[in-house]
Structures are given as C-alpha cells and as structure tokens.
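Written below as structure tokens is the structure these notes are about.
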Amino acid sequence: MTPAKWNDVDRLYHEALARAPVDRAAFLAAACKGDPELRAEVDSLLEYEPHARQFIEADVDAPRSPVADAVRRAGLPLTPGRLAGTAVGAYQIESLVGAGGMGEVYRARDTRLDRIVAIKFLPERHAVDPDRR
C-alpha cells in the first residue's frame, strides 16, 4: 500500500468513526466510490475497532505477572529497559534490544553456557494470560 493510499484509509477510518454506526455504510459508499480496495481496508479497521477499544480500556487492576511484581518489589521503575544490568536466574541482562506492544527483548548472557541469548518479557497484560504465554 502506498503512503498516499494509507493516508486515505486513515482519514476515512477516522471520519467514519466520527459518524453514527448506522450512517457509516452510506458515507463509505460515497467516499470510496470506485475503489473497492480502499473500502475493504477501511471496513477491516472498523471491524476491529471494538476489540481495540476493549484493549485500551482494559482493567488496570487485573492480575499481574510474577516478574512485574518482583520488579516492583525491587524498586525498579516499570519503564522500557528497566531490567538492563540485572540478573534473572542464570541470565545476566546486558541491554534492551527493542520494546513495543508485544513486550521487551533484551540481550543477555547465559552464565551457565557462556553465550549471548535474547530474552523476551511479555507485558503484564499478556504475562497473566496462559494463551499469550
């Protein structure tokens, strides 16, 4: 998808969200006239919007992961990269490789086998979900 096409999808998605659900189909039919690919992309985003809203409005008092609780007890801040310089079992965590919605990945040294490994820590909301683990 080109950047221009994505801008159209993004604009129409937000314009459709601003309308009542019963008015969206007519709005999109007119706005996407002659471009079924554009309509399909916007419809796809609209289909998943309720799921995204549930995710954003998730209960902050939900059960927490044991790792996150241990980090809190140790007084470490819950910010990306917070585990760099610490040890988890036989792994000496050296640095943050990357962080995003699916967790944090760290470069670490396996002190038993003396090799470099990658360790991924799931966000709290995923760590307590057996399907995500």
Side-chain angles (χ1 to χ4, degrees):
M1 180 178 301
T2 67
K5 181 70 105 176
W6 172 248
N7 286 336
D8 289 341
V9 169
D10 186 54
R11 178 181 52 79
L12 290 174
Y13 167 71
H14 286 95
E15 287 179 16
L17 276 181
R19 290 172 165 67
V22 297
D23 298 330
R24 290 178 186 163
F27 165 73
L28 290 173
C32 300
K33 192 172 197 156
D35 193 342
E37 179 187 14
L38 178 61
R39 174 67 187 263
E41 291 292 338
V42 176
D43 282 339
S44 173
L45 290 174
L46 289 170
E47 178 183 342
Y48 287 100
E49 193 274 335
H51 303 288
R53 184 171 310 283
Q54 289 171 357
F55 173 76
I56 290 170
E57 296 170 355
D59 182 6
V60 295
D61 292 326
R64 295 190 174 109
S65 75
V67 171
D69 285 341
V71 167
R72 277 194 194 84
R73 283 192 301 276
L76 297 171
L78 289 175
T79 55
R82 69 190 176 273
L83 298 175
T86 64
V88 176
Y91 302 100
Q92 182 63 40
I93 299 175
E94 296 179 350
S95 61
L96 179 68
V97 174
M102 296 302 294
E104 297 176 1
V105 177
Y106 288 88
R107 174 190 168 107
R109 176 164 299 282
D110 180 339
T111 59
R112 290 173 299 185
L113 300 175
D114 193 31
R115 65 179 178 175
I116 298 297
V117 298
I119 299 177
K120 182 175 184 177
F121 291 92
L122 297 174
E124 288 181 61
R125 65 187 176 277
H126 297 322
V128 297
D129 180 349
D131 291 333
R132 295 284 180 144
R133 278 197 311 262

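Counting all heavy atoms, side chain and backbone alike, Y106 lies closest to L83 at OH-N, 3.4 Å. Closest approach of L17 and L46 over heavy atoms only: CD2-CD2, 3.8 Å. Summarising the geometry of A84 relative to S95, their closest heavy-atom pair is CB-CA, 4.1 Å, with the distance given to 0.1 Å.
Panel note: side chain Q92, backbone A108; no donor-acceptor pair is recorded below 3.5 Å.
For the atom pair E94 CD and T86 OG1, the distance stands at 11.0 Å (nearest 0.5 Å). In this structure, L12 CG and N7 CG are separated by 10.5 Å, a value rounded to the nearest 0.5 Å. Remark: E41 CD to W6 CH2 distance equals 7.5 Å, nearest 0.5 Å. Rounding to the nearest 0.5 Å gives a distance of 5.0 Å between CG of L28 and CZ of R39.
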For a side-chain contact (heavy atoms from CB on, under 4.5 Å) check, start with the C-alpha distance between E104 and I119, then their side-chain angles and the critical distance, and finish with the verdict.
CA-CA 8 Å; E104 297 176 1; I119 299 177; over 6 Å; no

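By the neighbour-count criterion of 12 heavy atoms within 6.0 Å, atom CZ of R11 is densely surrounded, having more than that number from other residues, nucleotides or ligands.
Each of V105 and Y91 belongs to its own hydrophobic cluster when Ile, Leu, Val, Met, Phe, Trp and Tyr are linked at side-chain heavy-atom distances under 4.5 angstrom.
V88 meets the side-chain contact (heavy atoms from CB on, under 4.5 Å) test with I93, F121; sequence neighbours excluded.
Between K5 and D8 there is no salt bridge, since no side-chain N of the basic residue sits under 4.0 Å from a carboxylate O of the acidic one.
Side-chain contact between R109 and V117 is absent, with no heavy-atom pair separated by less than 4.5 Å.
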